[in-house]
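Computation of the quantities below employed the complete heavy-atom set of this structure, encompassing side-chain atoms and omitting hydrogens, waters and symmetry-equivalent molecules. Remember, it's a predicted structure, so these values are computed and weren't measured experimentally. Lettering follows sequence order; numbering is per chain, from 1.
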Amino acid sequence: MRDRFAGVTDTSRPRLLLIDGHSMAYRAFFALPVDKFSTTSGQHTNAVHGFISMLATLLRVEEPTHVAVAFDAGSTTFRTEALPSYKGTRDATPEPFKGQVPLIKEVLEAMHVRHLDKDNFEADDILATLSSQADALGMEVLVCSGDRDSLQFVNENVTVLYPVKGVSELARMTPDAVRTKYGVEPHQYPELAALVGETSDNLPGVPGVGPKTAAKWINQFGSLEQILDRAGEIKGKAGESLRDHLDVVRLNRQLNHLLTDVELPFGPDDLRVQPWDREAMSTVFDALQFRTLRERLFAMHPSADDDENAAPAVEVTVEDLAPGLLEAWFAEHDQRPLGLEVAGRPVPAGGDAWALAIADGPGSAVALDLTDLSAADDTALSDWLSDPTRAKVVHGGKSVWHELASRGYSLEGVVFDTELAAYLCFPDQRSYDLGDLAERHLHRELTPVDTSSDQGALDLSVGEDSEGGRLAVRAAALTDLAEVLRGELGDRSAEPLLTELELPLSAVLVHMERHGIAMDVDYLRELEQHFGELVTGAAASAYEVIGREVNLGSPKQLQEVLFDQLDMPKTKKIKTGYTTDAAALADLFVKTEHPFLKFLLDHRDSTRLRQTVEGLLKSVADDGRIHTTFQQTIAATGRLSSTEPNLQNIPIRTEAGRRIRRAFVVGDGYETLLTADYSQIEMRIMAHLSGDEGLIEAFRTGEDLHNYVGSRVFQVETSAVTPAMRSKIKAMSYGLAYGLSSFGLSNQLNIDVKEASKLMEDYFTRFGGVRTYLAGVVDEARANGYTATIMGRRRYLPDLTSDNRQRREMAERMALNAPIQGSAADIIKVAMLGVEKEIAVRGLRSRLLLQVHDELILEVGHGELEELTTLVREQMGSAADLLVPLDVSVGTGSSWHDAGH
DNA sequence: GCACAGGGCTC
DNA sequence: GTGAGCCCTGTGCT
């Protein structure tokens with residue numbers, strides 16, 4: 001397949017690649033499965049993916065010096081004016097294809113590839129014009145098009161790349177290839193097509209005349225004109241048919257003639273291949289959720305090698321320090337913040353570090369092998385690291401801390417964290433790799449420049465593979481990157497969020513991760529055994545019912561059992577068939593009462609619980625505790641997340657699940673566990689942000705929120721609010737903060753849409769401020785381009801103005817939710833800082849262990865319970881000044897389960 | 001070995 | 001056709 005691209009290339013001549021955007025995108029659309037390529041928001045991307053992937057291959061294999069993509073402008077052209085039915089069969093553009101062309105254009109713009117269209121003309125005319133101009137300039141031209149009309153301008157300088165299968169396999173249509181395939185010269189192709197017709201353009205030809213006959217006539221008579229003039233000489237049925245369709249042929253020929261004199265804003269010279277705007281590309285690819293493709297493209301062009309705009313190769317001077325001279329180096333460079341980068345394993349309470357680099361910008365850097373450090377240097381390093389007055393810039397300070405801790409170093413004086421700063425500026429990214437940031441914001445590659453033999457400036461082999469050089473280049477980028485990001489933060493008024501919130505919080509998180517939470521391992525093993533038995537039992541019963549053994553964990557096999565073998569009614573459709581999720585199975589059970597479903601659900605539950613227990617057991621460290629990692633830069637709303645293991649999704653809803661919480665226990669040397677959580681913090685924020693008097697009043701009365709709201713909505717006494725009413729109101733209240741529709745509400749509550757609409761209407765009648773607020777949030781976000789939390793944390797939502805309904809509505813729901821979820825995240829972060837600080841001020845041993853979004857879990861030192869309880873209540877309760885009180889409930893116990901409430 | 005889909009748990 | 005996460009298994013691909 002690659003061979004098809006591997007034509008002979010003349011490296012001295014400029015080579016222009018022209019692409020018919022519409023036809024290739026359309027091909028791509030049909031070549032790739034539409035259901036396999038779409039974003040989580042529902043935008044289809046198969047055509048975009050296929051097109052860009054093809055473009056990438058062409059750029060790599062053909063190495064054009066110039067490139068452009070032409071699109072059809074509108075639905076009318078001079079051709080449709082001449083023949084309204086022209087391309088008439090194409091009007092039914094498939095829905096999932098619509099909207100993908102603008103996305104392709106976005107990517108092209110980011111890649112600095114010119115794209116053009118012109119009213120009244122087709123892409124082919126633009127290509128023909130550019131091609132003939134380029135040919136005249138002596139350029140070699142490659143035209144990539146799925147429209148056979150383009151074959152007419154093939155010559156020894158112009159080759160058409162015609163898709164034979166999908167968009168990855170292209171046939172190289174040289175003059176010889178055209179002759180072989182069609183039996184006519186390239187310039188005669190439109191004459192042949194005029195006779196044969198072109199179904200894709202809805203142009204009928206002469207009935208009974210195919211390509212073979214047409215080619216025979218053209219060769220016999222020399223030209224179409226001659227054929228038409230001498231049509232009378234042609235014998236047989238074909239001749240007769242021709243004579244009946246002379247007008248058709250003339251019109252076809254008129255339509256399939258491509259113009260070579262379209263006026264265009266650019267000439268071939270203006271189409272030089274440009275360096276990419278990697279930042280913009282990343283943004284678009286992030287939005288399209290193209291991970292692999294992005295990597296593939298970026299890997300293709302490891303460096304911007306074009307002369308202008310090229311990333312300047314920054315050489316980092318790595319000083320070859322003799323042992324014992326580190327102190328002196330610090331004395332010379334320690335006046336400004338220094339970049340610090342460490343090589344190691346950033347595992348909480350089990351990390352490692354083997355090398356490190358410190359840099360005063362690119363001018364001077366040192367790289368140190370931590371496994372082989374002189375005593376003097378070790379002291380100098382340790383003093384510098386632990387001195388809060390000596391400023392450091394790091395990338396992901398929490399990891400650095402864990403790494404350094406493994407060698408007994410502490411880290412103080414971090415004044416800037418480039419990862420946290422990038423997160424605050426661009427919270428929707430999934431990762432903030434230092435190399436990517438340097439590339440985007442400094443236009444700098446973080447690969448060590450190999451100056452090899454000459455005095456080996458970078459050849460400082462610390463560890464294998466010149467780790468020292470790599471680290472030094474990264475450390476050297478930190479201070480420069482910090483400057484750029486400081487500016488970005490300033491643009492967003494986000495500096496205080498970094499220095500007063502996230503940066504100090506990262507230190508708190510370090511402590512929490514390092515402490516971990518104690519586990520009752522013996523009890524966990526019992527649970528594992530217990531759940532294991534339940535799994536086996538449920539599986540055996542399920543097999544017995546259906547008379548065979550299947551893998552109950554395989555949705556595919558389950559579908560066979562349910563819908564083929566047992567012939568149950570079909571559930572909601574999913575990509576791979578019909579769903580077998582719990583809601584659907586419960587629904588099926590109501591309908592069929594088939595015992596298999598019961599056992600299957602039991603099996604699911606028990607398997608899940610066993611899995612959770614197994615995962616926890618594997619995560620227990622040598623100290624008998626689990627040290628999760630809190631991700632501080634993942635959730636776009638500002639929340640934390642927890643990984644390895646995730647301790648923020650430990651079961652609580654079912655009794656069986658709650659038993660797992662008993663395994664989280666107070667550690668030796670501590671009195672008890674304490675949990676403190678905000679009650680209804682999101683609704684309180686809703687009340688605050690909306691200023692709705694009714695909702696504010698609800699929180700001030702101290703009445704149960706959902707009962708109170710229910711009594712207003714249903715217009716009954718609070719004592720008359722039934723549990724059913726209360727749960728409807730609860731679902732509704734929380735749904736509102738997520739952008740819930742009446743359809744969604746009806747689904748959730750199993751009521752019809754009409755009733756759901758009525759419920760929403762009644763709700764808004766009583767709490768009109770909420771409706772006004774929610775509508776205002778979206779409007780404001782659309783106008784500003786972002787939402788903001790009470791502390792000014794922004795989330796940018798460009799899709800609010802998208803033409804695509806799915807994307808736009810998704811962005812609207814995000815706009816509704818982000819200020820609420822994000823403000824709650826801000827508040828608990830402030831509370832964590834307050835708790836940590838107050839504990840330190842009072843010299844308590846108690847310590848924070850976990851955060852679960854609106855809940856803190858602490859380990860209480862002996863005799864500190866009372867003081868700590870007060871302290872935690874105070875700090876959490878005063879973390880924000882809202883129009884409603886922040887209510888905190890506290891519980892204690894020797895396990896997480898017992899401390900819960 | 002990897003990426004994706006389906007499923008399910010939390011707030 | 002309600003937001004934000006993490007992680008397991010099965011499956012199909014390379």
Side-chain angles (χ1 to χ4, degrees), chain A residues 33 35-38 40-42 289 291-292 295 427-428 430 550-559 572 574-585 600-601 603-605 607-616 618-619 628-631 634-654 656-658 660-661 677-682 731-749 753 756 774 787 795 805-806 809-822 824-825 828 850-855:
Chain A
D35 53 347
K36 293 272 169 62
F37 293 86
S38 57
T40 45
S41 61
Q289 297 167 3
R291 262 190 27 237
T292 325
E295 317 258 294
D428 270 281
R430 280 306 284 186
V550 295
N551 185 343
L552 296 172
S554 162
K556 198 179 158 208
Q557 295 182 36
L558 282 181
Q559 286 180 40
K572 195 178 69 182
I574 52 172
K575 283 185 185 183
T576 52
Y578 300 93
T579 185
T580 64
D581 67 18
L585 294 184
L600 176 55
L601 283 165
H603 182 263
R604 282 249 178 96
D605 285 344
T607 308
R608 167 84 190 172
L609 292 166
R610 187 188 56 182
Q611 252 168 225
T612 304
V613 172
E614 276 173 358
L616 291 174
K618 276 188 215 135
S619 303
T628 185
T629 296
F630 287 105
Q631 303 292 342
I634 295 295
T637 52
R639 270 193 181 176
L640 299 177
S641 72
S642 157
T643 57
E644 289 181 45
N646 180 2
L647 294 187
Q648 292 180 323
N649 72 341
I650 302 303
I652 193 171
R653 277 182 34 254
T654 65
R658 281 195 291 276
I660 296 178
R661 291 194 170 215
D677 63 56
Y678 284 116
S679 53
Q680 290 129 356
I681 191 167
E682 295 199 331
M732 167 109 198
S733 288
Y734 281 96
L736 287 178
Y738 300 151
L740 184 69
S741 64
S742 51
F743 179 91
L745 186 67
S746 70
N747 238 353
Q748 162 111 18
L749 296 177
V753 182
L774 292 174
T787 62
R795 180 168 189 190
R805 204 181 86 184
Q806 279 197 59
E809 289 180 345
M810 184 68 177
E812 286 170 359
R813 291 192 295 273
M814 290 174 176
L816 291 172
N817 179 252
I820 296 171
Q821 190 184 118
I828 197 163
L850 299 177
Q851 186 253 46
V852 189
H853 309 310
D854 65 355
E855 174 187 17

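- Between B:dG6 and A:Thr576, a contact under 4.0 Å exists linking OP1 or OP2 to a side-chain N or O.
- Taking every heavy atom of both residues into account, A:Pro819 and A:Met814 meet most closely at CD-O, 4.4 Å.
- One distance of note links CG of A:Leu850 with CZ of A:Phe630; it measures 5.0 Å at 0.5 Å rounding.
- Among the heavy atoms of the strands, none lies under 4.0 Å from A:Arg610.
- Under 4.0 angstrom from either OP1 or OP2 of B:dC4 there lies no side-chain N or O belonging to A:Lys575.
- Below the 3.5 angstrom threshold, one finds no donor paired with an acceptor across the side chain of A:Arg608 and the base of C:dC8.
- No engagement by A:Thr607 is indicated, since no non-hydrogen atom pair under 4.0 Å with the nucleic acid exists.
- Regarding A:Gln611, its CD atom lies at a distance of 9 Å from the P atom of C:dG10, rounded to whole Å.
- Judged purely by distance below 3.5 Å, without hydrogens or angles, the side chains of A:Thr629 and A:Glu644 never pair a donor atom with an acceptor atom.
- Using a 4.0 Å heavy-atom distance criterion, A:Asn747 is classed as making no nucleic acid contact.
- Listed in residue order, the members of residues 645-654 of chain A having a heavy atom less than 4.0 Å from DNA chain B are A:Gln648, A:Asn649, A:Ile650, A:Pro651, A:Ile652, A:Arg653.
- Shown here for A:Leu647 and A:Ser642, the closest heavy-atom pair between the two residues is N-OG, 2.8 Å.
- Taking side-chain N and O atoms only, A:Thr612 has no distance below 4.0 Å to OP1 or OP2 of C:dC7.
- Taking the side chain of A:Asp605 as heavy atoms from C-beta on, and the options B:dC9, C:dG3, C:dC6, the nearest nucleotide is B:dC9.
- Atoms CG and OG1, on A:Leu558 and A:Thr580 in that order, are 5.0 Å from each other to the nearest 0.5 Å.
- A:Ile652 places a side-chain heavy atom less than 4.5 Å from the side chain of A:Arg661.
- Nucleic acid contact for A:Ala737: none, since no nucleic acid atom lies under 4.0 Å from a heavy atom of the residue.
- Of the candidates B:dC11, C:dA4, C:dC6, C:dC6 carries the atom nearest the A:Ser641 side chain, counting heavy atoms from C-beta on.
- Here the straight-line distance linking atom CD1 of A:Ile828 with atom NE2 of A:His853 works out to 9.5 Å at 0.5 Å rounding.
- Backbone-only contact: A:Glu644 has heavy atoms under 4.0 Å from sugar-phosphate atoms and none from a base.
- Residue A:Asn646 holds its CG atom at 10.0 Å from CG of A:Leu616, rounded to the nearest 0.5 Å.
- A:Arg430 has its CZ atom 9 Å from the C1' atom of C:dC6, to the nearest Å.
- Straight-line distance from the CG atom of A:Leu601 to the C1' atom of B:dG6: 15 Å, rounded to whole Å.
- The shortest distance between the side-chain N/O atoms of A:Ser554 and the OP1/OP2 oxygens of C:dT11 is below 4.0 Å.
- Of the candidates B:dG7, C:dA4, B:dC11, C:dA4 carries the atom nearest the A:Thr637 side chain, counting heavy atoms from C-beta on.
- Here A:Ser642 lies in heavy-atom contact (under 4.0 Å) with sugar-phosphate atoms only.
- Looking at heavy-atom distances under 4.0 Å, A:Gly553 makes contact with sugar-phosphate atoms alone, never a base.
- A straight line from CD of A:Glu614 to P of C:dC6 spans 22 Å, rounded to a whole angstrom.
- Here A:Arg805 lies out of heavy-atom contact (under 4.0 Å) with every strand.
- Within 4.0 Å (heavy atoms only), A:Ala636 reaches sugar-phosphate atoms of the nucleic acid but no base atom.
- Of the possible polar contacts, none joining the A:Thr607 side chain to the A:Arg610 backbone as a donor-acceptor pair under 3.5 Å is found.
- Distance, A:Arg813 CZ to C:dA4 C1': 13 Å, rounded to whole Å.
- Which of B:dG7, C:dC6, C:dT11 sits closest to the side chain of A:Lys556 comes down to C:dT11.
- Among the atoms of the strands shown, only primed sugar atoms or phosphate atoms (P, OP1, OP2) are found under 4.0 Å from some heavy atom of A:Ala582.
- Set against C:dA4, B:dG7, B:dC11, the side chain of A:Arg661 has B:dC11 as its closest nucleotide.
- When distances run from any side-chain atom of A:Pro555 to the nucleotides B:dG6, B:dC11, C:dA4, the shortest one goes to B:dG6.
- Residues A:Leu816 and A:Thr787 form no side-chain contact, since every pair of their non-hydrogen atoms from C-beta on lies 4.5 Å or further apart.
- Distance A:Arg639 CZ to B:dC11 P: 10 Å, rounded to the nearest Å.
- As judged by a 4.0 angstrom heavy-atom cut-off over every strand, A:Ile820 is placed among residues making no nucleic acid contact.
- For the pair A:Leu552 CG and C:dT11 P, the interatomic distance rounds to 12 Å; values are reported in whole Å.
- Here A:Gln557 lies in heavy-atom contact (under 4.0 Å) with sugar-phosphate atoms only.
- When rounded to the nearest whole Å, the span between CD of A:Gln559 and P of C:dT11 equals 11 Å.
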